Amino acid sequence: MLDTDWDEVIKENRPIILLKPDCIVFYPEEGDISSKEQVLSDSKTFFVNAVAHELFTPITAMLGLLEIAKEGEYVQESLLKIEKHLKRMQRIIEQLVLLSKLEQSEYIPHYQRLSLKRLLSEILLEYEEKIKQKGLRVEIRSNKFIEADPEAFKIVIRNLMSNAIKYSKEGGIIEIFLQKGFLVIQDHGVGIPQEDLKNITARFYRASNARSYSGAGLGLAIVKHILRKLSISWAVHSKLQIGTKVFLKISSNSSSVTGE
């Protein structure tokens with residue numbers, strides 16, 4: 001069942017879950033592979049659950065901060081934290097709006113020629129504070145333009161980068177590079193147990209070693225949903241205490257550039 005585009009990646013990076021537009025295939029470290037048909041989530045259920053889970057936390061936090069500010073204590077600090085929560089809510093709503101568009105049969109992706117390095121750098125600025133707090137180093141090795149829907153692609157990369165930052169160890173390295181037609185995002189963090197790896201894109205699923213971290217388990221579900229609708233294949237390889245690598249098959253129309 002190896003795909004000619006993926007056979008080398010799969011051979012070198014088991015265990016790995018490969019998500020193609022029509023099916024999901026899980027390759028354990030040893031033993032037989034398993035596959036299942038890709039099925040999109042019911043949009044109404046998805047949106048209701050996503051809003052309830054993802055927006056409840058920042059709203060609750062902001063209400064508490066407003067009470068503190070009304071008492072005249074830590075006003076400036078509270079306002080900065082409220083701004084942070086509002087930006088998080090804005091990103092969540094942007095994702096839900098895009099998912100709504102993707103569910104509409106008339107949706108047509110708007111592909112543009114994008115500088116991959118510039119796009120990645122812009123997204124990293126959003127996480128600059130978290131990167132500094134954990135003492136992380138992020139290395140971007142890419143000088144290509146790619147053909148992508150900018151709205152959808154940014155949301156995908158934002159979710160993948162957020163996970164890489166969240167699960168990296170203090171003082172760790174995150175590497176972003178191109179490898180034989182794949183965009184690879186690699187961290188050297190806590191990793192994912194093999195028994196959890198095949199379920200990581202299910203809505204609200206949290207790996208057994210990730211439940212102490214914040215989050216509702218929607219990030220990879222959103223990534224799966226978007227990439228499936230855009231007919232893009234991707235894969236996730238991970239090992240405990242070694243880290244996680246995400247492989248994203250980029251457009252064959254991509255081209256190299258200089259001066260990036």
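From a predicted model like this one, the values you see are computed outputs, not experimental measurements.
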Working to the nearest 0.5 Å, report the span between [atom1] of [X] and [atom2] of [Y].
X    : Y    : atom1 : atom2 : answer
I192 : H237 : CD1   : NE2   : 10.0 Å
I33  : I10  : CD1   : CD1   : 8.0 Å
S233 : D22  : OG    : CG    : 8.0 Å
H85  : I82  : NE2   : CD1   : 8.0 Å

Carboxylate-amine/guanidinium contact [X] [Y], below 4.0 Å:
X    : Y    : answer
K70  : E67  : yes
E29  : K239 : yes
E139 : R141 : yes
K81  : E83  : no
E122 : R118 : no

| task | Kindly confirm or rule out a cation-pi arrangement of R113 over F145, judged by NZ or CZ under 6.0 Å from the six-membered ring centre and within 45° of its axis? | result |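 Judged by the rule, R113 and F145 form a cation-pi pair.
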| query | Side chains of E151 and H110: donor-acceptor distance under 3.5 Å anywhere? | reply |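 No, because no side-chain N or O of E151 sits under 3.5 Å from a partner of the opposite role on H110.
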| said: With side-chain contact (heavy atoms from CB on, under 4.5 Å) as the test, pick out the partner of S168 among I174, I173, N163. | reply: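 When I174, I173, N163 are each tested with S168, the side-chain contact (heavy atoms from CB on, under 4.5 Å) holds only for I174.
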| task | Give the ring-plane orientation class for W6 versus F247, where under 30° counts as parallel, over 60° as perpendicular and anything between as tilted. | result |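 Rings of W6 and F247: perpendicular, over 60°.
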| field | Verdict with supporting geometry, W234 and K20, side-chain contact (heavy atoms from CB on, under 4.5 Å) | value | CA-CA 7 Å; W234 62 297; K20 302 172 71 175; over 6 Å; no
| Are L183 and I157 side-chain neighbours, meaning at least one heavy-atom pair lies under 4.5 Å? |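 Yes - at least one pair of side-chain heavy atoms lies under 4.5 Å apart.
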